[in-house]
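Counting starts at 1 for both ligands and their atoms, in listed order.
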Amino acid sequence: MSKKTHELRGVAHTDIESPTRRRFLQGSAATAALSAMPFSLSLLSGGAMAQSGSKEVISGCHWGVFTGVVEDGRAVKFKPWGGDPQPTPMLEGVRDSIYSASRIRYPMVRRAWLEQGPGADPDGRGNGDFVRVSWDKAIELVANELTRVREEYGQQAVYGGSYGWKSPGKLHNCKTLLRRMLNLTGGFTSSIGDYSTGAAQVILPYVSGSIEVYEQCTTYPVLAEHTDLMVFWGCDPRNNSQISWQVADHGAFKGIDQLKEAGVKTLCIDPLRTNTCDYLDGEWIAPKPQTDVPLMLGIAHTLLSEDLHDQKFLDRYTSGFEEFRPYLTGESDGQPKDADWAADICGIDAETIRDLARRFANNRTMLALGYSMQRQHHGEQSTWMLVTLACMLGQVGLPGGGYGLSYHYSSGGAPTHNSPIVKAIDDAAGGGMGGSVDEAGSDIMIPVARFVETLLNPGKTMQFNGSEIELPVIKLAYWAGGNPFAHHQDRNEMLRAWRELDTFIVNDFQWTATARHADIVLPCTTSYERNDIEQVGDYALSHIVAMRKIVEPQFEARDDFDIFAAIADKLGKGYEFTQGRSEMDWIRGFYEGAKIEARAKGMEMPVFDVFWESNKPLAFPLEDEQKNFVRHEAFRKDPILNALGTATGKFEIYSRAIAGFAYDDCPPHPTWMEPIERLDGPTTKYPLGISSNHPAGRLHSQLCGTAFRETYAVQNREPCMINPEDAEPRGIKDGDVVRVFNDRGQILAGAVVTDDIMPGVIMVSEGGWFDPLDPREIGSLCRYGDVNNLTPGIATSKLAQANCGQTGAGDVEKFTGELPEVYVFSQPEIITKPGTSA
Ligand SMILES: Nc1nc2c(c(=O)[nH]1)N[C@H]1C(S)=C(S)[C@@H](COP(=O)(O)OP(=O)(O)OC[C@H]3O[C@@H](n4cnc5c(=O)[nH]c(N)nc54)[C@H](O)[C@@H]3O)O[C@H]1N2
Ligand SMILES: Nc1nc2c(c(=O)[nH]1)N[C@H]1C(S)=C(S)[C@@H](COP(=O)(O)OP(=O)(O)OC[C@H]3O[C@@H](n4cnc5c(=O)[nH]c(N)nc54)[C@H](O)[C@@H]3O)O[C@H]1N2
Ligand SMILES: [Mo]
């Protein structure tokens, strides 16, 4: 173990943590019998209050732990926490989100809806014609409308699926709070799955027995010690682990440094030269997007034909290779999936493909896969084929070998600390800390990315993962903590579908396109205007952090908790919603629960008030077992005792269950099927592949409305990466405004001409705010650059019904017309002529 690795171990990286307390926590872990030993405040207090009028408050957010510097009631700076190995520059945008021009100030109702009732002038949505109302009025409108829709159409007509990344925090989880309110007041239609791993999380239980995508990978310290070849396959931890679902620990940055230090050879298979590739001086291999399955098959074919595959592993730990083999060799369909065949499709030459197979087999190789490849038409196949490839290599369960599915996500691979789990408020459907079991729950769930299809096809039957769903009639949708007018594909199809709704209600703190397309808009607080509690690191669980309020709520913003409590109260369920507890009662309760669990693990956490006042995250120890975690090691050691959760207890390269569904778009073993469109696809009309990666300077659409946008926007438009080979013939120069288009839609964007993207592909990040030139016109030009005007709204397959955000083709031209002003980052104003919406 190198010295560096040793120093990085555990909690030793923080200069803010009190060494005394650290030793205490670690010591107590060793000697389970310590009784509660209160810490003296002097040991812990962080000097939160400086001179009058100025204070420093520690808190946490998706972007990490930080200190809010407050002067005269205003947050003037968010300083990164000293214990953060690599703070993200986005923190400055996070602070600005409190004060940005796009902040929603008051409850607002769309004029046509208010004056003429639900469903009025549905194509006027998005035209900016809102009327300010009082909170009392707004709550009453929402409560009455919920009642009306449930009475007229049934509870399923209320959609509360409300997907989105909201803000972290165990209490102010607006998505859970929305469901809590809806459950208590009469039920609703909910959603299942997510946009992130919609395909992988459905297929993996058949393949490896669990969803895997959100589970721990072999840790970075193990990789640094044992891995010869690290393959980042559409996987960019240095971009994507800037944020976490909980509070980011940024452990992936430390991990990447460990790889660098150890001199691990890295290979990046990606249409883009990624940040991770650059930083590690990695070898860059750029296949055409959406053709990784052929590339993987070409490698697999080489392994088999050169006898480099591990037959013993396949025999002992997998089932179904014999059913897959004839497909691979071409015996079953006359087409060997060899390197030459693969080269024609993916654009990597055959000799390179054969060489990859040999290098993978002759080295300790870790295949780290991102999620983009399964966010594509037939996206189930890439994940399945990657696991198959790893099984053929036979290194699964060995230190530093096999595959990992979350190295890029929330710092997967950062070792897990010995920490209790802090519980959270629940949706009241199943009892727990709130609610009673007899309340009506959500009995209909639709796959999350099929909401638009549902609106357009009520009553239709849909296949989903071996079952049939009858799509409900939906008349009211309520969103809190998500931005569907950014995250969902095929914006214009979505606009058509939205016209089916009587009522669309949104809680948010900023005027996103989603809020602009709502009928009732309720302004919520940012998480910097309320108190909460959260864990640091989704995988690392290194600390518990008090998310302390930094400033008072702006304008008339209210906490989602209070908003939903008020609606529940109007509907006679106020007490059931709050349980009579205040914000701090709930937070204290969650902490106390964790304290009990910690005690069972032999650790004594400080009493709540001491923790809360300390103004410091509470650190938990890291033990060797977790530090040296190797994924699937137990299964490899004893595949009977530690059988996988699949039908056969082994990795399934052929699935009888999937064969039983007989889906034409999801065969029973990994298979290459052409997507509806791709770069150089046989039936693709447009010349360029469109990628829509997760943005380097945002969390999806979050922060797009802040000053941080200026660090990357081009003439105030979303950047569009394009290779010089594609830019030159089109007369496009770096910094030009371009129009990107296909048959589904059109957007403006700002050209970034660069060799970091392969020829034939352009990249516009997801999450740019939708800003239609004429909101009434479907197909109108988006002024800012919402890439989901261009992506297809189709499902990956009947198995997962997941989204295909990373599928698409189109073209680009230099924009020569008069450049329209971008409206979407300011307060709404009436975009069509006044009066036309009324
Ligand atoms: N083309 C394409 N599309 C994609 C993707 C892609 O790769 N390509 N990726 C997909 C993926 S993986 C995801 S996860 C989705 C992300 O889609 P979303 O999760 O919908 O995106 P966010 O921008 O995070 O939206 C969160 C919203 O919640 C609001 N919010 C934050 N905190 C609070 C709060 O406390 N209360 C309330 N009421 N609101 C709050 C924010 O202001 C913001 O408007 O996008 C998907 N869409
Ligand atoms: N900074 C930042 N980090 C984030 C997020 C964010 O919005 N901003 N979002 C978070 C969320 S919710 C999620 S789900 C994850 C998403 O994690 P991912 O889905 O893995 O992220 P993407 O950015 O879509 O794609 C990752 C890489 O895949 C490459 N890629 C795209 N298409 C292909 C392909 O066909 N083949 C190959 N080989 N590579 C391809 C892209 O060029 C990119 O480098 O990220 C998380 N992290
Ligand atoms: Mo995601």
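Residue nearest to atom 42 (O) of ligand 2, selected from I690, D270, L369, V761: D270 (by heavy-atom distance). Compare N693, L699, L703, N240 by their heavy atoms: the one nearest to atom 16 (C) of ligand 2 is in N240. Across W165, W245, Y371, F232, heavy-atom proximity to atom 20 (O) of ligand 2 is greatest for Y371. Comparing heavy-atom distances from atom 9 (N) of ligand 1 across H488, H172, K166, H694 singles out H694 as nearest. The closest non-hydrogen atom to atom 26 (C) of ligand 1, taken over G805, C704, G481, comes from G481. Taking all heavy atoms of R375, H700, H487 into account, the minimum distance to atom 13 (C) of ligand 1 is reached by H700.
Using a 4.0 Å cutoff on heavy atoms, Y195 does not count as a contact of ligand 2. Ligand 2 lies out of reach of Q702, whose nearest heavy atom is not under 4.0 Å from it. The shortest heavy-atom distance from M763 to ligand 2 is not under 4.0 Å.
Ligand 2 has an N or O atom lying under 3.5 Å from an N or O atom of P695, backbone or side chain. Here's the thing with N239: one of its N/O atoms is less than 3.5 angstrom from an N/O atom of ligand 2. Between S196 and ligand 2, a contact under 3.5 Å exists for no N or O pair. Between S372 and ligand 2, an N or O atom pair is found at a separation short of 3.5 Å. At under 3.5 Å, a nitrogen or oxygen of Q376, whether backbone or side chain, sits near a nitrogen or oxygen of ligand 2. Considering backbone and side-chain atoms alike, G370 places every N or O at 3.5 Å or more from each N or O of ligand 2.
Between the Q746 side chain and the L790 main chain, no donor and acceptor come within less than 3.5 Å of each other. A donor-acceptor pair is defined here as one N or O able to donate and one able to accept, closer than 3.5 Å; no such pair exists between the side chain of S162 and the backbone of W479. Here the side chain of N803 pairs no donor or acceptor atom with the backbone of A449 at under 3.5 angstrom.
Those atoms of ligand 2 with a heavy atom of Q242 less than 4.0 angstrom away are 1 (N). For ligand 2 and W233, the ligand atoms under 4.0 Å from any heavy atom of the residue are 38 (N). Per-residue contacts place Q290 under 4.0 angstrom from the following atoms of ligand 2 (heavy atoms of the residue considered): 34 (C), 35 (O). Of all atoms in ligand 2, numbered sequentially from 1 with element shown, those under 4.0 Å from a heavy atom of T274 are 44 (O).
Counting heavy atoms closer than 4.0 Å to ligand 1, residue N788 contributes side-chain atoms (C-beta onward) but none from N, CA, C or O.
Across N507, L182, L522, a single residue satisfies side-chain contact (heavy atoms from CB on, under 4.5 Å) together with F564, and that is N507. Residue W769 is tested with F825, W511, F485 for a ring-ring contact (aromatic ring centres under 6.0 Å, His included); the sole match is F825.
With salt bridges taken as basic N to acidic carboxylate O contacts below 4.0 Å, one links R744 and E677.
Aromatic ring orientation, F561 versus F577: tilted (interplanar angle from 30° to 60°). Between H62 and W245, the ring planes lie tilted relative to each other; the angle falls in the 30° to 60° range.
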